[in-house]
Amino acid sequence: MADVEGTWTPVPGTAVAWLNELDPDHCYSGFEPPRGPDAVWLLHAMYVWREGLVTTTHDDLHRSIRAAGLAEPDPGAEPGAEPGAEPGRDLGDLLEGLVVTGTELGRSGHPGAGWRRLRWAELARGFGEPVVPEGELPGHRCLRRAHPTGSWSAAVAPPAEGCLDREGWHRLMGVLERHSPAGPDTRCLAYYCPLVTAEWDEETVLAGRLGDAGALYDHPAVNSCPSNLWAEDRSWVVYCDWDLWGTKVSGPTPLVEDLLADPELEALRLPWTS
């Protein structure tokens, strides 16, 4: 793996100004590019336990663990409190009403032995609903029958929010190389939004080679892939919103069609977002 901090160097935040002009409303979570001239969404991978679904949810498990006193001390608990101790009253009331969905925020990948890939299309067919409802973006409003209370079955590792899965990111980089004239030597820029960096006073933009972009996935300073990655000539743009379960790629139609045809990716066009 390339030394990400040695191969990707900071550049002035003004480098992302052109995307801000195209999408000024999403500056805190990533910039959505328009159709350019085509676009496709990569759906973040989810997985299911090979033995099948269970009715127990991630939230059920969380509440059982807390009730058994096996949870880590909650935020707001008194210093020195035992594991599972109740936090302060106000925060305790707030936590009690929260639902643990099972959805991770940031980096994700294959959970390991015993799990298999669960395609969005497979789940949608089983429940008789669209993969992504018309007018929506890939996110928590999708596949609602699979998580009607907000929490997924404990036998499902649902799509991560805010970041393409690890396997999908590396696969995408390979496809982008094939559609960039300079291949792995294509100069690119990567933008990390403030919700990822917690840096609100200055835009975080890095410059480097497309051939080294795989290493950006594990940048030690953040827990996410870039919010935007684009070729310096702006022939294609990748967009990963911190609030979504899908990653948008805008670029030439041959690039889009290759992503749609890739057997390792789950991709679809959403015309209402382009």
Side-chain angles (χ1 to χ4, degrees), residues 29-30 32 38-65 96-169 171-172 224-225 238-249 256-274:
S29 58
E32 181 179 0
D38 206 346
V40 65
W41 285 86
L42 307 181
L43 304 177
H44 299 173
M46 72 175 103
Y47 299 88
V48 63
W49 187 245
R50 289 189 182 276
E51 295 184 8
L53 296 176
V54 296
T55 56
T56 302
T57 67
H58 287 274
D59 192 60
D60 293 333
L61 286 180
H62 171 74
R63 291 178 183 277
S64 296
I65 291 171
E96 186 64 27
L98 294 179
V99 173
V100 175
T101 64
T103 301
E104 298 290 341
L105 181 62
R107 287 193 285 259
S108 68
H110 195 292
W115 296 82
R116 70 167 179 86
R117 179 80 176 269
L118 177 61
R119 299 276 174 162
W120 288 47
E122 176 187 349
L123 198 57
R125 282 194 303 271
F127 284 104
E129 59 181 321
V131 175
V132 178
E134 185 168 356
E136 296 289 352
L137 298 174
H140 69 275
R141 293 188 176 90
C142 300
L143 304 172
R144 288 299 301 170
R145 294 184 184 177
H147 53 118
T149 65
S151 185
W152 290 77
S153 164
V156 173
E161 187 168 286
C163 181
L164 183 60
D165 53 280
R166 180 183 305 279
E167 293 80 8
W169 177 261
R171 191 79 175 185
L172 171 60
S224 174
C225 64
V238 177
Y239 160 64
C240 197
D241 191 286
W242 194 234
D243 291 326
L244 297 180
W245 299 354
T247 293
K248 184 178 181 181
V249 181
V256 167
E257 290 180 343
D258 262 12
L259 291 170
L260 287 166
D262 193 297
E264 299 300 319
L265 298 170
E266 188 170 13
L268 75 169
R269 286 186 173 98
L270 299 177
W272 54 86
T273 70
S274 299

I'd like to know if the side chain of [X] and the backbone of [Y] have a donor-acceptor N/O pair within less than 3.5 Å.
{"X": "Asp262", "Y": "Leu259", "value": "no"}
{"X": "Glu264", "Y": "Arg171", "value": "no"}
{"X": "His58", "Y": "Thr103", "value": "no"}
{"X": "Arg166", "Y": "Gly109", "value": "no"}

Enumerate, atom names and distances included, each donor-acceptor pair closer than 3.5 Å involving a side-chain atom of residues 131-141, sequence neighbours excluded.
none

Quick check for you: to the nearest 0.5 Å, what is the distance between [X] atom [atom1] and [Y] atom [atom2]?
{"X": "Leu61", "Y": "Ser151", "atom1": "CG", "atom2": "OG", "value": "8.5 Å"}
{"X": "Ser224", "Y": "Glu161", "atom1": "OG", "atom2": "CD", "value": "11.0 Å"}
{"X": "Tyr47", "Y": "Arg119", "atom1": "OH", "atom2": "CZ", "value": "9.0 Å"}
{"X": "Phe127", "Y": "Leu143", "atom1": "CZ", "atom2": "CG", "value": "8.5 Å"}
{"X": "Thr247", "Y": "Tyr239", "atom1": "OG1", "atom2": "OH", "value": "9.5 Å"}

Side-chain ion pair, Arg144 and Glu129, N-O less than 4.0 Å: no
ring-ring contact (aromatic ring centres under 6.0 Å, His included) against His147, all qualifying residues, sequence neighbours excluded: Trp152, Trp245
Ignoring hydrogens, what is the shortest heavy-atom contact between [X] and [Y]? Give both atom names and the distance.
{"X": "Ser29", "Y": "Asp243", "answer": "CB-OD2, 4.4 Å"}
{"X": "Ala39", "Y": "Lys248", "answer": "CB-CE, 3.8 Å"}
{"X": "Arg117", "Y": "Leu265", "answer": "NH2-C, 4.5 Å"}
{"X": "Asp165", "Y": "Leu43", "answer": "OD1-O, 4.4 Å"}
{"X": "Leu244", "Y": "His44", "answer": "O-CE1, 3.7 Å"}
{"X": "Arg269", "Y": "Val256", "answer": "NH2-CG1, 3.6 Å"}

Flag if over 12 foreign heavy atoms under 6.0 Å of CD, Glu104: no
Worked check of side-chain contact (heavy atoms from CB on, under 4.5 Å) between Asp59 and Thr149: CA-CA 9 Å; Asp59 192 60; Thr149 65; over 6 Å; no
Residues which pass side chain to side chain donor-acceptor pair (under 3.5 Å) with Arg116, listed by chain and number, not counting sequence neighbours: Glu122
